[in-house]
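A short worksheet on the structure shown next.
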Amino acid sequence: MLQVQFIREHKDEVLEGLKKRNISNAEEMIERVLSTDEVRRKSQVELDNVSAESNKLSKEIGLLFKSGEVRKATLVREKTSQLKEQKETLSKQKITAEKTLQQLLFQIPNIPHQSVPYGQSDEDNEEIFRCGTNPTLDESALPHWELAKKYNLISFELGTKITGAGFPVYTGKGAKLQRALINYFLDKNTTAGYEEVQVPHLVNEASGIGTGSLPDKERQMYHIEGDDLYLIPTAEVPVTNIFRGNLLKEKDLPLALTSYTPCFRREAGSYGAHVRGLNRLHQFDKVEIVRIEHPNRSYEALEEMIEHVKKILLELKLPFRILRLCGGDVTFASALTYDFEIFSAAQKRWLEVSSVSNFETFQSNRLKLRFKNGSGKSQLAHTLNGSALALPRIVAGILENYQTTKGIVIPEVLIPYTGFELIS
RNA sequence: GGAGAGGUGGCAGAGUGGUAAUGCAGCAGCCUGCUAAGCUGUCAUCCUUUUGGAUGCCCGGGUUCGAAUCCCGGUCUCUCCGCCA
């Protein structure tokens with residue numbers, strides 16, 4: 001959430017940012033924010049004045065009673081009833097304005113970083129890096145869902161039976177490969193300085209709001225009605241919320257955490273051929289990295305995260321590219337996002353396996369996540385996160401790209417984790 | 001699930017109707033010949049921004065001229081009992 005003060009003082013910058021996101025009614029939105037803010041401030045001033053007056057009288061009454069001047073005290077007391085009424089109306093006015101403002105602010109996305117390119121959709125994303133050669137498979141090459149069936153690695157049917165579409169069951173070496181990847185990712189992340197944490201997979205409303213998953217994207221999260229909890233769509237939500245409401249010391253920064261969790265997404269309305277197999281699921285596993293940074297070096301941190309994810313994909317020897325998301329594609333809360341896509345050779349398409357973002361103060365403002373800076377003032381920290389990495393599409397990529405006539409070859413770095421070299 | 005106790009600033013910790021003590025840490029300044037001590041201010045948020053004012057004691061209501069303090073509802077934590085992986 002942007003700070004009103006920021007919008008007030010950087011109106012043009014905000015408008016430019018919203019334009020980059022192709023928000024057509026940006027001017028109208030901002031005008032409404034500013035006018036509501038004005039109402040809010042005005043009613044606050046009025047309320048403050050009336051309250052000051054009534055406080056003064058209250059004090060007087062107290063003193064009069066103390067000195068035994070009961071009659072005088074009663075007289076003054078009569079005066080206060082009018083003020084009380086005024087106070088009530090003004091306070092209602094103020095609260096209404098505050099609530100309206102809050103709702104308006106909830107609807108305004110983060111301002112994209114200056115390096116974010118203009119664009120409408122994912123087609124306008126800017127490729128900034130490409131690595132590895134796409135393997136050329138022969139005619140008999142199979143997509144991963146066929147391979148999964150052939151080698152008994154994943155059963156989509158079983159998942160459908162137990163739960164529904166999009167909830168696969170991993171079996172035998174498929175399950176083992178999955179676990180190997182999780183351990184491998186966690187090891188890479190902890191070696192790079194991220195502290196491993198295990199967090200709840202259900203979160204409350206406040207946590208959802210804190211990271212920006214609520215209130216706008218309720219449709220993406222599964223909601224547990226009876227207890228009013230949400231299944232996490234990503235570890236980002238519980239992990240970042242560890243620090244909700246914290247006032248950190250400057251020397252505590254940066255904080256770096258990693259966590260493995262399953263992720264639950266409703267993905268309402270997305271069906272069809274390109275969501276086959278592991279391409280898009282309602283439940284999947286992911287290892288996430290999260291950082292809390294000093295604003296001065298959050299973009300440096302973002303670069304470090306990019307390099308880190310890059311290194312992992314290079315080790316796995318999967319062909320990949322990095323995209324800088326354009327204004328039309330960058331997510332609501334993010335200022336700058338880089339997507340990593342691997343090339344899935346049998347499907348002949350790119351699959352997103354990681355998304356690394358800097359949210360600047362957008363989340364920390366909601367979270368009230370601050371630190372005491374050098375001059376003793378509290379200041380909002382920057383939050384960042386990224387996948388390192390999402391499992392299913394990595395599995396898809398390995399199955400497809402590493403398929404041979406003998407079977408599926410396990411990438412070398414994973415062999416210590418799987419305990420086998422070949423799936424046949 | 002039942003019973004009891006409790007939730008106060010970054011932290012510690014007073015305050016049981018008269019408007020948030022005190023200590024530690026932090027920040028700024030002053031002073032002082034020794035990595036220290038002392039003094040002053042600052043030290044939650046918002047508005048005005050110059051003096052100032054308002055709000056804020058887990059959340060939401062209520063009583064009162066006035067609520068951290070009293071009443072009602074909720075929530076979380078701790079202790080005990082019960083149940084249990």
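If you're wondering where the values come from, they're calculated on a predicted model, not measured in any experiment. Every chain is numbered from 1 and lettered A, B, ... according to where its sequence line falls, protein lines coming before strand lines.
When distances are taken from the side chain of A:Ala52 to each of B:rC46, B:rA54, B:rU45, the shortest belongs to B:rA54.
Base pairing of B:rG17: no nucleotide in any strand meets the Watson-Crick or G-U wobble criterion (both distances under 3.5 Å). Base pairing of B:rG4: its partner is B:rC78, meeting the Watson-Crick or G-U wobble criterion (both donor-acceptor distances under 3.5 Å). Searching all strands for a Watson-Crick or G-U wobble partner of B:rA12 with both distances below 3.5 Å returns B:rU22. B:rC31 makes up no base pair with any nucleotide shown, lacking Watson-Crick or G-U wobble contacts both under 3.5 Å. Nucleotide B:rU49 has no partner under the Watson-Crick or G-U criteria, as no pair reaches both atom distances under 3.5 Å. Under the Watson-Crick or G-U wobble criterion, with both distances below 3.5 Å, B:rA68 is left unpaired in every strand shown.
A:Tyr194 and A:His308 have tilted rings, their planes meeting at an angle from 30° to 60° on a 0 to 90° scale. Ring geometry, A:Tyr230 versus A:His223: the interplanar angle falls under 30°, so the pair is classed parallel (tilted spans 30 to 60°). The aromatic rings of A:Tyr222 and A:Phe264 lie perpendicular to each other, with more than 60° between the two planes, well past the 30° mark.
One finds no side-chain N or O of A:Arg40 lying less than 4.0 angstrom from the OP1 or OP2 phosphate oxygen of B:rC46. Within the 4.0 Å cut-off from OP1 or OP2 of B:rU48, at least one side-chain nitrogen or oxygen of A:Arg41 is found. Between A:Asn55 and B:rC65 there is no side-chain N or O to OP1 or OP2 distance below 4.0 Å. Applying the 4.0 Å criterion to OP1 and OP2 of B:rC43, one finds that A:Lys372 has every side-chain N and O outside that range.
Distance check on atom C1': B:rA12 versus B:rA21 gives 14 Å, rounded to whole Å. Taking atom C1' in both B:rU22 and B:rA14, one finds a spacing of 7 Å when rounded to whole Å. Distance noted for atom C1' between B:rC31 and B:rA54: 37 Å (whole Å). For the C1' atoms, the distance linking B:rA20 with B:rA67 amounts to 12 Å, nearest Å. The C1' atoms of B:rG13 and B:rG17 are separated by 22 Å, rounded to the nearest whole Å. Using P as the reference atom, B:rA28 and B:rG18 are 38 Å apart when rounded to the nearest Å. Using P as the reference atom, B:rU49 and B:rU64 are 37 Å apart when rounded to the nearest Å. Comparing B:rG60 with B:rC76, their C1' atoms are spaced 15 Å from each other, to the whole Å.
What separates CG of A:Asp252 from P of B:rA25 is a distance of 17 Å, to the nearest Å. Atom CG in A:Leu247 sits roughly 5 Å away from atom C1' in B:rG10 (whole-Å rounding). Rounded to an integer number of Å, the gap from A:Asp48 CG to B:rG56 P is 11 Å. Counting to the nearest Å, the P atom of B:rU45 and the CG atom of A:Asn365 are 13 Å from each other. The nearest whole Å value for the distance from the CD atom in A:Gln5 to the P atom in B:rU49 is 13 Å. We find that NZ of A:Lys251 is positioned 11 Å from C1' of B:rG10, with the value rounded to whole Å. For A:Lys92 and B:rG61, the NZ to P distance is 11 Å, given to the nearest whole Å. Atom NZ of A:Lys94 is separated from atom P of B:rC47 by 10 Å (rounded to the nearest Å).
Residue A:Ser54 is classed as having no contact, given no heavy-atom separation below 4.0 Å to the nucleic acid. Residue-level contact check: A:Ser58 touches the bases, meaning some heavy atom is under 4.0 Å from a base atom. At the heavy-atom level, A:Gly62 lies under 4.0 Å from base atoms of the strands shown. As judged by a 4.0 angstrom heavy-atom cut-off over every strand, A:Ile61 is placed among the base-contacting residues.
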Decide yes or no on side chain to side chain contact (heavy atoms under 4.5 Å, CB included) for A:Phe320 and A:Phe129, but give the supporting numbers first.
-> CA-CA 8 Å; A:Phe320 70 98; A:Phe129 182 86; 3.7 Å; yes
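Of the charged side-chain nitrogens involved, none lies within less than 4.0 Å of a carboxylate oxygen, so that A:Glu341 and A:Arg393 do not count as a salt-bridged pair. A salt bridge links A:Arg297 to A:Glu293: at least one charged side-chain nitrogen sits closer than 4.0 Å to a carboxylate oxygen.
Projected onto RNA chain B by closest heavy-atom contact, A:Val45 and A:Ser51 fall at different nucleotides, the more 5' of which corresponds to A:Val45. RNA chain B is contacted by both A:Lys59 and A:Arg8; A:Lys59 maps to the nucleotide lying nearer its 5′ end (nearest heavy atom per residue).
Remark: A:Lys173 fails to qualify as a cation-pi partner of A:Tyr151 under the 6.0 Å distance and 45° angle criteria applied to the six-membered ring.
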